[in-house]
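Single-structure report; data block below.
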Amino acid sequence: MTSSLSLSHEPTPTAAHADRVTDVAIVGAGPYGLSVAAHLRTIRGLDVAVFGEPMSFWAEMPRGMLLRSAWDASYIGFPEGDLTLDRYRAESGRSFTKPVPLDAFIDYGRWFQRAAVPELDKRRVGAVRRVQDGFELELADGGTVHASRVVIAAGIEAFAHRPPALNGLPPELVTHSSQHRDLAAFAGKRILVIGGGQSALESAALLHESGAEVEVVARTEEIIWLHGGSVQRMLGRFKPLLYAQTDVGPAGLSRLVAVPALFCRLPRRAQERLAHRAIRPAGARWLVDRLANVPITTGRNAVGAAQTGAQVSVRLDDGSERRVDHVILGTGYRVDVADYDFLTDSVLSGVARVGGYPRLGTGFESTVPGLHFVGAPAARSFGPTMRFVSGSWYAASRVAAHVRRRAHAA
């Protein structure tokens, strides 16, 4: 479903002046960008250009992390087939099991890219503009690309949430959990981790194991620990009756959110309630023992913070204070596509949004004809699975089907 909104087009060069002309340009080369590209490449005669460093966001996450998703929910591009983790492990000769190590998943993504999207252009997209006959992409090196369609698969890095109480403090004192590749740099330091989800809890475990003195502060009344697959194992061959391969959500709900076309037919209030239940902050069961000696304070919010020399003092809502060397925010991500700095006003002015999420229709197309969003920005339109790697299976197939229909109708 698209809308013929009045757009303010910028007087930019048309296809005849671009360095490259393509049918579809994909911004981003993580699991979603690579998945969409792999599906689009099956359309005969369609030219597809993909831009970005493969798996770049994942490569900046803390070394030593493990994937919370199940093994077969971590396949990129397709729920089955030739480019699975199993084949990658066999061909690479790497020995790893579940939970999947982050570094192995990054390498798997790059292996997938070489196999499925060999023509990847690693240049960064600096700007996307709407022009009279499509879109113009300005690349970081000054090159330009004209595309009839653009798929935004730029991930969640731009959406890292920073609580207001911690605003104004320098990065030497406060950072988001996504900003650290090597947490061993904090050995011997006093660190406060804020958050009660997987990223906060696993960061705390890695910090503790690296020799830091760590405390976790979470606003939830208690930490929710996942079952670690115990229920699925008990179900045995009956597991598919209650759990989808996508591995998002508890028993029963997992099957529902795995079918976005069905999930999105529910009343909006029911969607929001069920989506929250499917993705509420929680920690993997295998973190429990690793955090046995890490103090976790629950039911508390940070309400203020100030720099005190080379340290930071954080005030909680019970009046207590923590003075530490650094604060790491495991406070998640809040989607607002306006935070993508490469989207110009000529594009954003035509994108209908609800709370920062673009309103998407058939084929993940926004209210700007030819402009698609996949990944977390699609979660409001297609459900919580879009926040996970396994959501790329549905998103990529639907984008490809939409583009194929439009190409045949032209």
Heavy-atom neighbours of Arg269 CZ exceed 12 at 6.0 Å: no
Residue pairs involving residues 95-112 (criterion salt bridge (Lys or Arg N to Asp or Glu O under 4.0 Å); sequence neighbours excluded): Arg94-Asp107, Asp103-Arg181
Residues in salt bridge (Lys or Arg N to Asp or Glu O under 4.0 Å) contact with Asp339, at least two apart in sequence or another chain: none
Exercise: do Gln245 and Trp393 side chains pair donor with acceptor under 3.5 Å: no
Thr246-Thr385 side chain donor-acceptor pair, cut-off 3.5 Å: no
Rounded distance [0.5 Å steps], CZ in Arg89 versus OG in Ser95: 7.5 Å
Partner set under ring pair (Phe, Tyr, Trp, His ring centres under 6.0 Å) for Phe364, not counting sequence neighbours: Phe382
Test item: Ser381 side-chain N/O and Ala378 main-chain N/O as donor-acceptor pair under 3.5 Å: no
Side-chain heavy-atom pair Thr362, Arg405 within 4.5 angstrom cut-off: yes
Name each donor-acceptor pair under 3.5 Å that joins a side chain in residues 253-261 to protein atoms two or more places apart or in another chain, with its distance.
residue, atom, partner, partner atom, Å
Ser254, OG, Ala244, N, 2.9
Arg255, NH1, Pro240, O, 3.2

Main-chain N/O of Ala352 paired with Thr367 side-chain donor or acceptor, under 3.5 Å: yes
Distance in Å, Gln113 CD paired with Ile76 CD1, rounded so as to fall on 0.5 Å steps: 10.5 Å
Residue pair Asp325 / Arg190, side-chain heavy-atom distance below 4.5 Å: yes
N/O donor-acceptor pair under 3.5 Å between Gln307 side chain and Gly309 backbone: yes
Exam field: side chain Ser392 to backbone Tyr32, donor-acceptor pair closer than 3.5 Å: no
Short side-chain to backbone donor-acceptor contact, Arg285 and Leu226, under 3.5 Å: yes
Residue pairs fulfilling side chain to side chain donor-acceptor pair (under 3.5 Å) with at least one residue in residues 287-296, sequence neighbours excluded: Glu209-Arg290
List the atom pairs, donor and acceptor, that lie under 3.5 Å between side-chain atoms in residues 53-72 and the rest of the protein, sequence neighbours left out.
residue, atom, partner, partner atom, Å
Arg68, NH1, Ala282, O, 3.1
Trp71, NE1, Asp86, OD1, 3.3
Trp71, NE1, Asp86, OD2, 3.3

Main-chain N/O of Leu287 paired with Glu202 side-chain donor or acceptor, under 3.5 Å: no
Sidechain-backbone polar pair: Glu136 side chain, Arg129 backbone, donor-acceptor under 3.5 Å: no
pair Phe112-Pro31: side-chain heavy atoms closer than 4.5 Å: no
Sequence-distant partners of Arg322, salt bridge (Lys or Arg N to Asp or Glu O under 4.0 Å), two or more places apart: Glu215
pair His146-Thr144: side-chain heavy atoms closer than 4.5 Å: no
Spacing of NE2 belonging to His180 relative to OG belonging to Ser203, to within rounding of 0.5 Å: 8.0 Å
Asp121 side chain to Arg123 backbone, donor-acceptor under 3.5 Å: yes
Carboxylate-amine/guanidinium proximity below 4.0 Å for Asp23 and Arg149: no
Ser366 (side chain) donor-acceptor with Val368 (main chain) under 3.5 angstrom: yes
Criterion side chain to side chain contact (heavy atoms under 4.5 Å, CB included) on Asp47 and Arg20, from CA distance to verdict: CA-CA 11 Å; Asp47 187 74; Arg20 177 177 177 179; 3.2 Å; yes
For Ala338 against Arg353, the heavy-atom pair lying closest together: CB-NH1, 3.5 Å
Atom CZ of Arg404: over 12 foreign heavy atoms under 6.0 Å: yes
Step-by-step side chain to side chain contact (heavy atoms under 4.5 Å, CB included) determination, Val327 to Leu173: CA-CA 6 Å; Val327 177; Leu173 295 176; over 6 Å; no
Partners meeting ring pair (Phe, Tyr, Trp, His ring centres under 6.0 Å) with Phe342 (sequence neighbours left out): Tyr340
Test side chain to side chain donor-acceptor pair (under 3.5 Å) applied to His176 - qualifying residues, sequence neighbours left out: Ser178
Contacts of Glu119 that satisfy salt bridge (Lys or Arg N to Asp or Glu O under 4.0 Å) - sequence neighbours left out: Arg41
Side-chain donor-acceptor pairs under 3.5 Å in residues 150-167, sequence neighbours left out?
residue, atom, partner, partner atom, Å
Arg162, NE, Leu166, O, 3.2
Arg162, NH2, Leu166, O, 3.1
Arg162, NH2, Leu169, O, 2.8

Minimum side-chain heavy-atom gap Asp317-Arg219 below 4.5 Å: no
Contacts of type salt bridge (Lys or Arg N to Asp or Glu O under 4.0 Å), residue Glu222, not counting sequence neighbours: none
Shortest non-hydrogen contact between Thr42 and His39, atoms and distance: OG1-O, 2.6 Å
Aromatic ring pairing Tyr108/Phe105, orientation class (parallel under 30°, perpendicular over 60°, tilted between): tilted
Worked check of side chain to side chain contact (heavy atoms under 4.5 Å, CB included) between Val248 and Arg387: CA-CA 9 Å; Val248 179; Arg387 298 178 181 274; over 6 Å; no
Closest heavy-atom pair and its distance - Ala284, Gln198: N-OE1, 2.8 Å
Verdict with supporting geometry, Arg406 and His402, side chain to side chain contact (heavy atoms under 4.5 Å, CB included): CA-CA 6 Å; Arg406 293 302 177 92; His402 183 76; 3.5 Å; yes
Residues, nucleotides or ligands: over 12 heavy atoms within 6.0 Å of Gln179 CD: yes
Check: Thr84 side chain, Arg87 main-chain N or O, donor-acceptor pair, under 3.5 Å: yes
Rounded distance (nearest 0.5 Å) linking atom CD of Glu138 with atom CZ of Arg124: 9.5 Å
Heavy-atom side-chain proximity of Leu291 to His208 below 4.5 angstrom: no
Atom pair CG/NZ of Leu183 and Lys189 - distance to nearest 0.5 Å: 14.5 Å
Interatomic distance, Tyr75 atom OH to Ser35 atom OG [nearest 0.5 angstrom]: 14.0 Å
Stacked cation flag Arg130 on Phe135, 6.0 angstrom / 45 deg: yes
